[in-house]
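Only this structure's heavy atoms are used, side chains among them; waters, hydrogens and symmetry mates stay out.
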There are 4 protein chains.
Amino acid sequence: MAEFVSDNVSGIHPKVMKALQDANTGYRRPYGNDELSDRLNGVFSTLFETEVFVLPCVTGTAANSLALSLMAGPINSICVHERSHVYMDECNAPELFSGARLLPLPGDYSKLNTQSLQTVVSEIGELHSPQPSAISLTQTTETGTIYSLDEIAAIAEFACFYKMKMHMDGARFANAVASIGCSPADMTWRAGLDALSFGATKNGCLAAEAVVIFNQDFIPEARHRLKRSAQLLSKQRFLAAQLLAYVEDDLWLNSASHANSQMAKLANRLAEVEGVELPDSIGSNMMFAKFTAEQNQRLEAAGLAGYLFETGHMRLVCSWATHDEEIDRFVAAVTG
Amino acid sequence: MAEFVSDNVSGIHPKVMKALQDANTGYRRPYGNDELSDRLNGVFSTLFETEVFVLPCVTGTAANSLALSLMAGPINSICVHERSHVYMDECNAPELFSGARLLPLPGDYSKLNTQSLQTVVSEIGELHSPQPSAISLTQTTETGTIYSLDEIAAIAEFACFYKMKMHMDGARFANAVASIGCSPADMTWRAGLDALSFGATKNGCLAAEAVVIFNQDFIPEARHRLKRSAQLLSKQRFLAAQLLAYVEDDLWLNSASHANSQMAKLANRLAEVEGVELPDSIGSNMMFAKFTAEQNQRLEAAGLAGYLFETGHMRLVCSWATHDEEIDRFVAAVTG
Amino acid sequence: MAEFVSDNVSGIHPKVMKALQDANTGYRRPYGNDELSDRLNGVFSTLFETEVFVLPCVTGTAANSLALSLMAGPINSICVHERSHVYMDECNAPELFSGARLLPLPGDYSKLNTQSLQTVVSEIGELHSPQPSAISLTQTTETGTIYSLDEIAAIAEFACFYKMKMHMDGARFANAVASIGCSPADMTWRAGLDALSFGATKNGCLAAEAVVIFNQDFIPEARHRLKRSAQLLSKQRFLAAQLLAYVEDDLWLNSASHANSQMAKLANRLAEVEGVELPDSIGSNMMFAKFTAEQNQRLEAAGLAGYLFETGHMRLVCSWATHDEEIDRFVAAVTG
Amino acid sequence: MAEFVSDNVSGIHPKVMKALQDANTGYRRPYGNDELSDRLNGVFSTLFETEVFVLPCVTGTAANSLALSLMAGPINSICVHERSHVYMDECNAPELFSGARLLPLPGDYSKLNTQSLQTVVSEIGELHSPQPSAISLTQTTETGTIYSLDEIAAIAEFACFYKMKMHMDGARFANAVASIGCSPADMTWRAGLDALSFGATKNGCLAAEAVVIFNQDFIPEARHRLKRSAQLLSKQRFLAAQLLAYVEDDLWLNSASHANSQMAKLANRLAEVEGVELPDSIGSNMMFAKFTAEQNQRLEAAGLAGYLFETGHMRLVCSWATHDEEIDRFVAAVTG
């Protein structure tokens with residue numbers, strides 16, 4: 001069943017499903033002119049403790065590409081980690097939406113850092129080069145690591161100095177906030193972000209993401225860009241319903257905390273199994289573990305294997321839905 | 001409540017909602033690698049009586065723009081009606097996805113015809129002009145009219161002779177099929193279409209459309225274009241679930257028939273009210289009627305007014321959800 | 001042959017050729033970092049009586065597309081005449097450079113007017129439509145007519161009111177200035193233009209056009225857009241040399257005056273030939289005349305025929321190079 | 001000044017200038033419908049010993065971007081060296097023209113190799129990644145090194161196996177051919193190339209490059225892409241004149257041989273000067289030498305300094321125009 005392959009193998013959280021059903025009454029004006037859509041900006045502004053503008057959309061690729069298109073145009077480049085989702089897994093969508101180039105940069109633990117970013121400075125003002133105008137961080141990263149607030153702040157200082165904008169791909173934003181224990185505001189606009197891709201699908205929605213815009217300069221073009229990118233739903237109330245249910249009563253944070261702690265639980269259990277190599281620390285709902293050949297075979301046979309990398313590491317991800325019994329079954333399969 | 005403003009003011013059909021709930025069990029591989037997604041090509045191939053390839057996506061704009069991007073590239077132009085949705089209401093998305101220009105052409109009853117299309121022939125082979133490579137019809141049209149099979153065939157002959165591809169924006173395809181009473185195959189590939197935007201959202205889904213590809217040449221690029229346009233859902237099973245429920249047991253056709261007959265019922269009722277101007281014939285679930293100033297005011301006051309055009313005509317649309325009581329209320333408001 | 005087919009059938013003016021030779025000494029820094037390129041902004045600022053920024057490029061299509069890309073982006077549309085060069089003869093280049101849609105509008109005498117422009121106002125603020133952000137006039141038009149200063153001013157008022165930018169495709173700007181007898185400033189920024197495509201190729205250069213930017217807001221992106229569009233020459237001194245020679249000593253204006261008066265001369269001569277239909281007035285270096293079938297045949301046989309339209313009119317164009325003897329030969333061929 | 005900064009600091013070769021003057025007679029049909037343009041395909045087919053199709057354009061960036069747009073579209077990526085001109089110095093033009101992503105890859109001596117290319121193989125067939133469809137080599141490279149015919153053949157085998165197309169950025173193609181001593185055919189289509197950017201500007205033209213197309217599949221779209229990219233000159237006869245003069249009588253090869261041998265001469269002379277660090281071997285018209293601080297200062301003072309890299313190396317380039325006396329002056333400045 002692929003329980004640990006990714007958090008997007010999970011379904012729709014019951015509370016989100018209920019919100020969809022509750023929204024399914026009567027007639028509502030289309031394209032966001034409904035009461036639920038009307039509440040989005042307010043609810044997210046409260047959550048982020050500042051006035052924000054929300055673009056609801058249906059995929060993380062759309063959210064990232066839309067957000068980046070507000071920060072970078074056809075004469076620009078966007079600094080990204082060379083292993084990031086926007087660079088590796090979005091099939092030119094960011095380039096399509098923005099017209100800009102993605103500049104892949106190295107960095108330990110899948111994280112950008114100012115040393116790495118420094119290499120692009122020589123292109124600023126260079127007539128023959130696209131001008132770096134934005135930096136995109138992924139939080140949590142593709143390998144489950146997390147930028148500390150200090151790390152974000154250091155990059156934000158760099159961005160500010162060189163007049164670049166800052167984006168965060170927060171497909172797993174909730175897992176990072178849950179792990180660090182800070183406020184959403186601390187991890188975003190207070191740290192210097194201009195826009196956030198606020199992920200909700202992996203963490204319990206059907207298909208719902210939100211571009212949360214902190215930089216007011218981005219607003220005039222935002223809704224037309226949403227429409228142009230074919231992400232404006234006619235029955236947008238059902239997208240709003242998902243996002244509202246996800247944010248209200250801390251569902252987003254509780255679900256992420258659950259995923260994180262289930263991953264910690266799995267790691268603790270695996271630590272007792274001979275032959276398993278685990279990372280030094282686990283910060284979020286993702287882990288790269290190394291099993292013996294026999295263990296890999298048993299996981300495969302049980303339908304429980306995660307994605308296996310060339311290094312021999314298996315990626316494991318927990319979600320809002322991960323039950324203890326699935327952990328039990330996984331450990332049992334490893335143990336043999 | 002805006003009951004007759006559009007068919008997209010309706011909600012999710014109970015059978016579609018049930019399908020979403022049924023699909024919400026356990027863990028499934030993401031990005032279309034699930035059992036429900038696996039069934040799409042087969043189910044649609046049966047429906048269309050030929051082997052088709054389906055790209056599921058979430059908006060009509062996406063479906064149209066994706067389909068057109070398979071037929072027209074950056075040196076091309078696409079023949080469209082000057083009042084069509086792709087030209088008037090998709091905010092450059094078809095241009096973004098394809099790189100091609102939309103060529104707006106006139107035509108009575110919101111329909112393209114070969115006389116109108118003939119005007120683009122002079123650009124074929126002209127070095128300084130984008131080359132017309134595709135024709136996009138809207139069925140039913142933006143004003144509720146319907147291309148007859150003969151009209152489609154005539155345009156298809158033109159397209160074939162000039163080596164252009166044929167697309168149908170079928171946001172209301174079901175209403176047209178229900179109205180004409182032909183098979184889906186007759187209205188599409190047998191008539192010469194290369195691809196169809198098969199609408200489902202307006203007619204009972206949450207957010208689900210399908211690009212149905214008849215031309216096998218389009219397949220190799222299709223899935224990457226879906227991904228690049230940010231329309232590949234991670235939890236695609238829920239998109240497949242909607243489309244399958246929509247197609248199975250003729251839900252699509254029954255829902256459209258209902259919408260069409262409710263519109264006929266409304267028209268019949270209004271025909272008895274003094275002062276109301278109705279069109280000569282009504283073929284689908286849309287009608288443009290003209291009311292007196294007092295009638296317009298009463299409809300406005302009752303929250304039942306549709307979109308009012310400069311000509312004084314009001315657009316009225318029925319949907320799968322339109323009940324008799326809403327028709328009663330509407331007629332009552334008109335009658336005063 | 002083909003003397004009257006277009007003004008671009010002419011060669012390089014001797015003064016421009018001499019400037020190329022004079023520039024061909026020693027070594028010069030590339031990409032515009034040479035003494036001749038350095039003079040462009042100053043010389044054009046003097047010519048236009050205001051501080052301008054010049055982008056030198058090699059084709060009119062490039063000049064138009066670059067200029068428009070400074071005024072309109074991917075969520076915008078650009079109002080153009082439906083018979084204009086940018087719409088009819090540039091094969092999607094304006095769309096490529098800008099990402100915007102061209103909105104073709106009707107208008108008598110190949111000219112836009114405020115009535116025609118008024119039809120786009122309904123799209124302003126409309127979420128589903130690209131937002132009109134620019135108007136492009138062609139001066140002189142594709143049929144040789146000329147916008148009066150009052151006509152330009154009226155459109156500029158419209159543009160200003162609706163916050164649109166104004167561009168002029170001045171591939172034959174010189175012919176218009178020569179015809180009206182106003183200053184370049186009067187026809188451009190004083191009339192409300194934001195940027196001008198200042199044509200030089202047709203009127204005596206090898207391949208040289210200049211985007212003349214009046215709106216200072218356009219400058220920061222301008223040079224990078226030039227480079228991105230593959231129009232930045234490494235040996236730009238030879239492009240600057242052409243433009244400087246063209247502008248200095250009123251070569252541009254004298255050449256255009258010559259072309260205009262040769263066209264007037266040709267018209268006067270043809271007025272005496274039986275069977276020839278001439279337009280009421282001739283304002284520039286272009287004319288659409290109608291000949292008898294025998295006359296057309298004789299012109300064809302003599303290799304002197306211009307482009308023949310479906311209406312039976314033949315387009316005739318004079319250039320800086322048109323000699324009296326060519327007029328003699330043409331009239332002789334018509335006379336038979 | 002700046003004699004050794006680049007080969008594009010040189011002017012127009014007298015034979016090319018004479019060709020421009022010779023072409024400047026009478027009237028010619030525009031946009032390539034002239035006798036000189038008509039000869040291009042034939043002359044280049046003879047030169048390359050196979051039937052080729054030529055797109056004449058004015059910048060190397062245009063030639064590269066056009067050629068790549070024939071091999072890679074919006075769902076593709078193009079393998080390039082991370083220090084190549086197309087990646088470093090063309091400001092997103094290849095992306096603009098093609099819609100594809102450039103994939104920067106490492107490689108010693110500024111050259112791609114199959115080990116480096118192997119890293120992209122994992123993306124083939126991967127739905128979330130742009131599909132690698134082309135490889136672009138630069139010959140000679142940005143650091144003056146040269147791909148041997150064996151190296152090209154090895155990459156071509158790789159390209160063929162993975163169904164990728166092969167492009168060569170030959171801005172300094174002539175210098176490579178002159179250095180290796182092979183035929184143009186051997187270095188291009190016989191080695192597996194699909195298209196070549198054949199540089200002429202640096203090596204004696206005003207502004208002239210040619211996309212030489214070997215793959216017949218590229219031809220149908222080629223001319224419209226030329227027009228769309230704003231590179232179709234109205235007075236194209238002057239572009240054809242340059243290219244014909246450049247190719248006839250081996251001017252291209254003789255000029256490149258001269259540049260190469262002048263660079264060898266300069267290196268030999270510098271080898272005798274104390275403190276100068278020279279590369280082991282010199283293959284083309286470019287060299288990276290290291291001087292002492294005093295030598296650098298004297299070169300700077302004499303206006304003879306080339307571009308100085310962070311490593312302390314100075315780039316020096318000879319051209320068709322480099323005289324012995326300039327070498328004398330350079331050596332004198334170094335010697336002090």
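Only the side chain of D:R237 comes within contact range of chain C, with at least one heavy atom under 4.5 Å from a heavy atom of that chain. Using a 4.5 Å cut-off between heavy atoms, D:L232 contacts chain C through its backbone alone, with no side-chain atom that close. In this structure, chain C has heavy atoms under 4.5 Å from both the backbone and the side chain of D:A321.
Ranked by heavy-atom pairs under 4.5 Å with chain D, the list C:Q21, C:H224, C:E90 is led by C:Q21. The choice from C:S65, C:S10, C:A63 that makes the most heavy-atom pairs within less than 4.5 Å of chain D is C:S10. Contact count versus chain D (heavy atoms, under 4.5 Å) is highest, among C:T25, C:L239, C:L233, for C:L233. With chain C as the partner, the residue from D:T61, D:D34, D:N64 showing the most heavy-atom pairs under 4.5 Å is D:T61.
Put simply, NE2 on D:H13 and CG on C:N24 are 10.5 Å apart, with the number rounded to the nearest 0.5 Å.
At a threshold of 4.5 Å between non-hydrogen side-chain atoms, the residues C:V5 and D:Y27 do not count as touching. Counting heavy atoms from C-beta on, the side chains of D:L96 and C:L96 come closer than 4.5 Å. In this structure, the side chains of D:V9 and C:P30 come closer than 4.5 Å at one or more pairs of heavy atoms.
Residues of residues 199-209 of chain C that come closer than 4.5 Å to chain D, counting heavy atoms only, are C:T201, C:K202, C:G204, C:C205, C:L206, C:A207, ordered by residue number.
Within a 6.0 Å sphere centred on OH of C:Y307, other residues, nucleotides and ligands contribute 12 heavy atoms or fewer. No more than 12 heavy-atom neighbours from other residues, nucleotides or ligands sit within 6.0 angstrom of CZ on D:R83.
Residues C:S229 and D:F97 approach most closely at O-CZ, 4.1 Å, considering heavy atoms. In terms of heavy atoms, D:N8 sits closest to C:S234 at ND2-CB, 3.7 Å.
Within the 3.5 Å criterion, the main-chain N or O of C:D89 finds a donor-acceptor partner in the side chain of D:K227.
Taking C:R228 as the reference, nothing meets the side chain to side chain donor-acceptor pair (under 3.5 Å) condition, with sequence neighbours excluded.
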